[in-house]
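Every chain is numbered from 1, with letters handed out A, B, ... down the list of sequences. Since the model is a prediction, treat every value here as computed from it, not as a measurement. Computed over heavy atoms, backbone and side chain alike; hydrogens, waters and symmetry mates excluded.
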Protein chains: 2
Amino acid sequence: MAEPITIKDIANLCGVSIATVSRVVNNSPKGVGEKTVERIRKVIEEVGYRPNRLAQSMITKVTHTIGLVIPDVRNPFFSELVRGVEDVCNENGYSCFLCNTDGKLDKENEYIDILRDRVVDGLLFTTQNDKEFNPAFLDFHKNRTPLCFIERYVDELPETPGVFFDNEGGAALLTQFVLDKGHRHIAFVSGPLSTMNARMRKSGFMATMQNNGVEVDDRLVVEGNYKLDSGYAAVDQLLAPGKPKFTALIAGNDLMALGAYQALVERGYEVPNDISIAGFDNITYPAVFRPLITTIEIPGYKLGSCGTQMLIAQMKGQPLAVTRQVFAAALRDKGSIIQI
Amino acid sequence: MAEPITIKDIANLCGVSIATVSRVVNNSPKGVGEKTVERIRKVIEEVGYRPNRLAQSMITKVTHTIGLVIPDVRNPFFSELVRGVEDVCNENGYSCFLCNTDGKLDKENEYIDILRDRVVDGLLFTTQNDKEFNPAFLDFHKNRTPLCFIERYVDELPETPGVFFDNEGGAALLTQFVLDKGHRHIAFVSGPLSTMNARMRKSGFMATMQNNGVEVDDRLVVEGNYKLDSGYAAVDQLLAPGKPKFTALIAGNDLMALGAYQALVERGYEVPNDISIAGFDNITYPAVFRPLITTIEIPGYKLGSCGTQMLIAQMKGQPLAVTRQVFAAALRDKGSIIQI
DNA sequence: CCCAAGAGAGAAAACGTTTACTCGACCATT
DNA sequence: AATGGTCGAGTAAACGTTTTCTCTCTTGGG
C-alpha cells in the first residue's frame, strides 16, 4: 500500500531539486544554504525519509555489503567467528550475507557466484576443504573485489590477505606442556591430513618432540577425521596388541579427545591417572560438564573480527600493514594431564 | 581493472538490442527467434555474463533477500535456527542478512531500519526480549513487507505469521514424565517470568500438577534467569531451612538444571538418587559428557526452516493455510529422573 | 559603479536492468 | 489485392539515487 518515500517526494515537499536534497542527505561539502539545509532536514525527519540503498549502490558501485562463506554456523568455532564478523560489520555500517557450504566445492562455487551477482564489496572466506582451489577466486582477484581468507593459505594468491591461527605453535605449546609433565610416551591422533590445520598440528607435535630429544614412535601416531568416533577408533588402534605403551594422548581436536576418553574409560583405564589426555579447540561447555580436557583455545571471535577489519580496510582502499595475520594459541589447562 | 560485463556488452557482441538480451536472460515468454536465442545464449556463456542483481532489483522492486534478526548466533539454539533459515533461503534463491541484537531494543530498531534501507523482501524476527514492542513492525506491516516471528507473539499484529514452540506442552510432557516416575514433591525453577516462554513453561508445569491432583507447593517454585548461576542460586533457596523437601527438580532450561546439579552435588546430594533433575532445551553436547539431563528438545532447525518457508510463501503472495505454526515438544530421557 | 568571484541551487546524465509500446515483415485469409 | 494476425525485434521510459556541469544571484573590492 504505502509506497516508500523517495528523494523526489522530499524535493517536492521542500520545493527544491532532488540534487539539493541529495546534498543534504550526504551532508555533502557545500553548495546548500544553511536555512535550506535546516528546512530539508526537518522535512526528512518528519516524514522519516531514508535513502534507498539499492539506488545509491547503482551509481556509487558500493553496496556496503560483504559475503561470509563458512562451512556451517552450527559448528561452535564458526558461530563465534560469525559473531565476530557481524559485530565489526555492524560497527562499520556493513551488512553481511551468511553462506553455509558444508565445505562442498560446488556450494562454495555457487555462493561465490551469488555474492558476485549481489555486488558485495568484499568476501570473507573459510572452508575446511583445502584440497581443491576454487578458480572463482581468481576472478574476484581480477575484479579487484577485496578478499580475506580465514584459516586458508592459497598459493595461487600469495598477496591476498588472510587471518590464521597458529596451529603449529598451539600444538607445540600443548606438546611441551605434556612433556614438561614428565610424559615420554605420547600418542598423537591427528585430524585428516588432507587439511592444512591437521598437518600443522601434527608437525607442531613432531617438531616439539624432536626438539626435546624425545623420539616419536610411529606406531603411536594415527590419523582421525576430527569426529568423535574417530577418536574412539584411534584408541582401539593404539591399544592393539603389540603396540607400545603410552601415558598421554594428544588429539587433533577436542571431539576426538572425547571419543578417546570414552574408549579408554570403557576399557577400564582411568583418565588422567592411567592415561592423560589433551585436545584442541577448547569447545566451551558449561564448566559443570565432565570430563574436562586440557586443550588449546582457538580464538574464533578474534579471527572473525580481525579478518573483517582487514577486509574493510582493503575495501576502503587503506593499505594493509600486514596481509597475513597469525593469532597465537593459548593453553587451557583443565587438569587432564597429570604429572608423572 | 576488469569492468564487469553488462547486458549492453552482450547486446553489442550479438548485434541485437539490450531488450532482446534481457528477454533471453529471463527466458521470457516469447518474442525472440530460436536462432537468436541460441546465439545470445552462447555469447553469454562464453563471456560469463551474469546480470547485476542491483539493477534488476531497482526495477522489479524485488531483491530476493531477507533479514534474519536474532539475539546471538553463538547460542546453539540460534545457530541451529540460522542454519535452517539459510538452507531454505538458498533452496529458494534468497540470500540472508544476519543480524545479532543481543535482545537489545535499540539494536533491534537499528537493524530493522538497516534492513528496510536495503529493501529486504521479508523479515524473520526473533528476540528474547518480549517486554517491549517495537513499533517499527507496524511500519513493516503498513509497507506490506512480509514478516515472520519466531517464538514471539505480538498482540498488536495478530494476523502476522509466526512459528512457535509448544513450551506449555513441553513442560506438561516433562512434568507428566516426572510424576509418572512417582515423584510428588517437585521443585520448579522458572526462567525470567518477563519472557513468554518462561511463563508458558511454568504454566505447563502448574497445569499438569493440578491435572494429576498434585498440589504445587509455592515454596518450591522459584524464578531464575535462564543462566547457570541462577540454577545454582535456586538450589540454595530451595534447600534453605524451613523449606519442604523435594525429590525432583525441573528447571526452565538445561543451563539452570546444570547449575542446580552442581549446587546439589556440592552440598552432598547424589543426582539422581537423592534428587532427580530435568531441564529444557536439549543443549546438545557430545554424549560423553556428564551429567546427562533429561530434557525437552526444541527443534531450532525446524523452527528456522519452517519460518522461512512461511515467509517465502508470503513473499510470493501465496496465501498461508495457517499463519501460526506451533511445533510439538519431544522428551529426551537421559536418565536423570529415577523411579521412586 | 563595474566586474569578478563565490555561493546556492537546478538540469540532466548516468548506473544496469525490465517492460510497455511500437514497428516492420511475412504469411494466411477473404 | 487488401486486410489482419503473428512473430521477431527495437525504442525508450522507468527505478531512485549521485554528481558534473551550468546558471543565477549576491557580494565585495577597486
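Protein atom NZ of Lys35(B) is 10 Å distant from nucleotide atom P of dA9(D), rounded to whole Å. Atom CG in Asn27(A) sits about 13 Å away from atom P in dT19(D), given to the nearest Å.
Between Asp102(B) and Arg83(A), at least one side-chain N (NZ, or NE/NH1/NH2) sits under 4.0 Å from a carboxylate O, which counts as a salt bridge. Under the 4.0 Å criterion applied to side-chain N and carboxylate O atoms, Asp72(A) and Arg74(A) are assigned as salt-bridge partners.
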Could you pull out the protein-nucleic contacts involving nucleotides 14-18 of chain C (nitrogen or oxygen on both sides, under 3.5 Å)?
unit_1, atom_1, unit_2, atom_2, d
dC15(C), O3', Lys61(A), NZ, 2.9
dG16(C), OP1, Lys61(A), NZ, 2.8
dT17(C), OP1, Tyr49(B), OH, 3.1
dT17(C), OP1, Asn52(B), N, 3.2
dT17(C), OP2, Ile7(B), N, 2.7
dT17(C), O5', Tyr49(B), OH, 3.3
dT18(C), OP1, Asn26(B), OD1, 3.2
dT18(C), OP1, Asn26(B), ND2, 3.2
dT18(C), OP1, Gln56(B), NE2, 3.0
dT18(C), OP2, Ser22(B), OG, 2.4

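Relative orientation of the Tyr94(A) and His64(A) rings is tilted, given thresholds of 30° and 60° on the angle between their planes.
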Worked verdict on Phe327(B) versus Phe164(B) for ring pair (Phe, Tyr, Trp, His ring centres under 6.0 Å): CA-CA 6 Å; Phe327(B) 288 86; Phe164(B) 299 90; 9.6 Å; no

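Remark: Thr36(B) is in phosphate contact with dA9(D), judged by side-chain N or O atoms under 4.0 Å from OP1 or OP2.
In terms of the salt bridge (Lys or Arg N to Asp or Glu O under 4.0 Å) criterion, Arg53(A) has no residue partners (sequence neighbours excluded).
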